[in-house]
2 protein chains.
Amino acid sequence: MASQPTARDRLLDAAEDLAATQGVNITSVDAILDRARVSPATLYAHFGNKEGLITEALRRRLARWDTTWQECIDDADSREEKLLAVFTALSRHRRALTPSRWCVFLGVAAETPHPGRDLQDTLAADTRLLLGRLEDLAGPVVGAEQAPLLARRIVLVYTGVLGMILRGADVDAATAEGRSIAALALHAVGAAAPAVRR
Amino acid sequence: MASQPTARDRLLDAAEDLAATQGVNITSVDAILDRARVSPATLYAHFGNKEGLITEALRRRLARWDTTWQECIDDADSREEKLLAVFTALSRHRRALTPSRWCVFLGVAAETPHPGRDLQDTLAADTRLLLGRLEDLAGPVVGAEQAPLLARRIVLVYTGVLGMILRGADVDAATAEGRSIAALALHAVGAAAPAVRR
DNA sequence: GTCTATACAAAGATAGAC
DNA sequence: GTCTATCTTTGTATAGAC
C-alpha cells in the first residue's frame, strides 16, 4: 500500500543519484537532505552518518547490478555469450538506473582513501562479484585451470570500458570495443587450453 | 645555485603528493600548506586558488609522464615493442614519482564533476597524449587506417590496468596482464589489416 | 520517526604588515 | 614574496520538541 516512498528510501535514492552523478565528497549532506526532502535528524537516525548512508545506497545498487547482470546471462544463448554478457548488462544497467558518470563503486573507492570497514567491504564486494561470477562462467568455456586468468582479463577490460567513459568516450562505442577485446582474450585463452566439452 | 626548493615548488610537490595518494577533494588547502611549510597567502599569490594549484601540479606531472613514456619508446627495439612501451612506462613512471593510488588524472577527473576550463584542458591532455601518440606508433604497425582503432583499444586496456590497481590488484601483475591483452589486440588488428612494411 | 533549530569544526580565501 | 591573523561560508552532526 506504500504509494509514497519512505524517508529512508528517499534518502537512499538521493544519495545514490548524487554519488553517481557528482561524486560523494563534493556532495554535502545538505544536498542529499534537500533532494530527499528530509530533515538531518532522520538521516542520522537511520544511517548513523554520511558514510553509513552511502554504504547502504551502494549495497542496494550492487544488488540491482547483480540482478541485471544475471538476467543478461540467462538471456544469452551460448556459453561464450554468457561470458560476454557483462557488457550487455552494463548497457542495460545504465539505462535502468541513474547512469553514473562512470562507475559508482570505483568512484567512491577513488574518493575515499580510508574507508570504514563496512564501506570497504561493499566496495570489495563489487570486484569479488565480477571476478567470481566471470570465473564461474569461464570454467565451462576454457576449463577450470584457465578460468581465473580469463576472468581477471575480462574484469580488466570491463574496468577499462568504465575508465574510457570517465575519459569522455561514447558509452556504447566503448562498450562495444570492450566486448571485442574481451572476445579476443576469450579465444586466445581458449586456443591455449581447448574448451571443455559440454 | 638554488639548493632549497622555492615555496612554489614545495607547493607543487605537496599538492601532487597529496592528490596522488589521498585525492584532491579530501585534501584540504591547510594540509597542502602544512606539508609545503608555506603560508596561505603565498599559495594564493602564486596560483589564485586551490584548483589553480592542482592544475599546475597536474601539468607538471603530465610533462614528466610524457618524458618517461618517450624514453621507454626510444629504448624499445621493434615497432611492436614501441607500441607496447606504454606499459613499461607506467611501471617506470610509478617508480620515479610518488605513486598515485591509481592515476592522478583519472582520479581528479572522477572527483571533479565541474572542472574549470584550465583543469578540464589539462585532464583532457592526458587522454589526447595517450590516443595521439599510440596512433602515431600504431600507424607503421597496422597501417594508418586501422591505427585509430588499435590506439583506442590500447588506451582502453591501459585504463583498465589503472582501474585494476584501484580495485586492489597487484600493480606488476595488472600491468603484465594489460600488456598481454594489448598484444592480442595488436595481432588481431594486424591480422585483419596486414602490417605496413618498413 | 520526523521536525526545527543550532552547535561546533573545517573549509577556502583575504587583509594588512614586513 | 612571504608571513600572521582573521573573515566568511559551508560542512557534519546533535539537542530537544512533537
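Residue numbers begin at 1 in each chain, while the letters A, B, ... track the order of the sequences.
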Gap between atoms CD and P, on A:Gln22 and D:dG11 respectively (whole Å):
13 Å
For a salt bridge (charged side-chain N to carboxylate O under 4.0 Å, His left out) with A:Asp13, tell me which candidate from A:Arg37, A:Arg35, A:Arg60 qualifies.
A:Arg60
Quick check for you: among C:dA15, C:dT2, C:dA13, whose closest atom lies nearest to any side-chain atom of B:Ala41?
C:dA15
Can you tell me which nucleotide in C:dT2, C:dG12, C:dA5 comes closest to the side chain of B:Val29?
C:dG12
Check: B:Leu162 and B:Leu90 side chains under 4.5 Å, non-hydrogen atoms:
yes
Figure out the CG/P separation between B:Leu43 and C:dA11, and round it to whole Å.
14 Å
Nearest-angstrom distance from the residue atom CD1 of B:Ile54 to C1' of C:dA13:
15 Å
To the nearest Å, how far apart are A:Leu33 CG and C:dT2 C1'?
12 Å
What's the closest nucleotide to the side chain of A:Lys50 if the choices are D:dC3, D:dT12, D:dT2?
D:dT12
When A:Val189, A:Leu83, A:Leu137 are each screened for side chain to side chain contact (heavy atoms under 4.5 Å, CB included) with A:Ile154, the one that passes is A:Leu83
If I take atom CZ in residue A:Phe47 and atom C1' in nucleotide D:dA13, what distance separates them, rounded to the nearest angstrom?
16 Å
Nearest listed nucleotide, side chain of B:Ser28, among D:dT12, C:dA11, C:dA13:
C:dA11
May I have the distance from A:Ile26 (atom CD1) to D:dG11 (atom P), rounded to whole angstrom?
10 Å
Proximal nucleotide (of C:dT2, D:dT4, D:dT2) relative to the A:Ala45 side chain:
C:dT2
From CG of A:Asp34 over to C1' of D:dT12, roughly how many Å is that when rounded to an integer?
14 Å
Candidate pair A:Glu111 and B:Asn25, rule side chain to side chain contact (heavy atoms under 4.5 Å, CB included), full reasoning
CA-CA 8 Å; A:Glu111 292 198 74; B:Asn25 285 339; 4.0 Å; yes
Does the side chain of A:Tyr44 get closer than 4.0 angstrom to OP1 or OP2 of D:dA13 through an N or O atom?
yes
For the side chain of A:Thr42, starting at C-beta, report the closest nucleotide among C:dC3, D:dT12, D:dT4.
C:dC3
Could you tell me how far apart A:His46 (NE2) and D:dA13 (P) are, to the nearest whole angstrom?
16 Å
Of the candidates C:dA11, C:dT2, D:dA13, the side chain of B:Asp30 sits closest to C:dA11
With DNA chain D as reference, determine whether B:Val38 or A:Asn25 sits nearer its 5' end, using the nearest nucleotide of each.
B:Val38
Is there a donor-acceptor contact under 3.5 Å linking the side chains of B:Asp66 and B:Gln70?
no
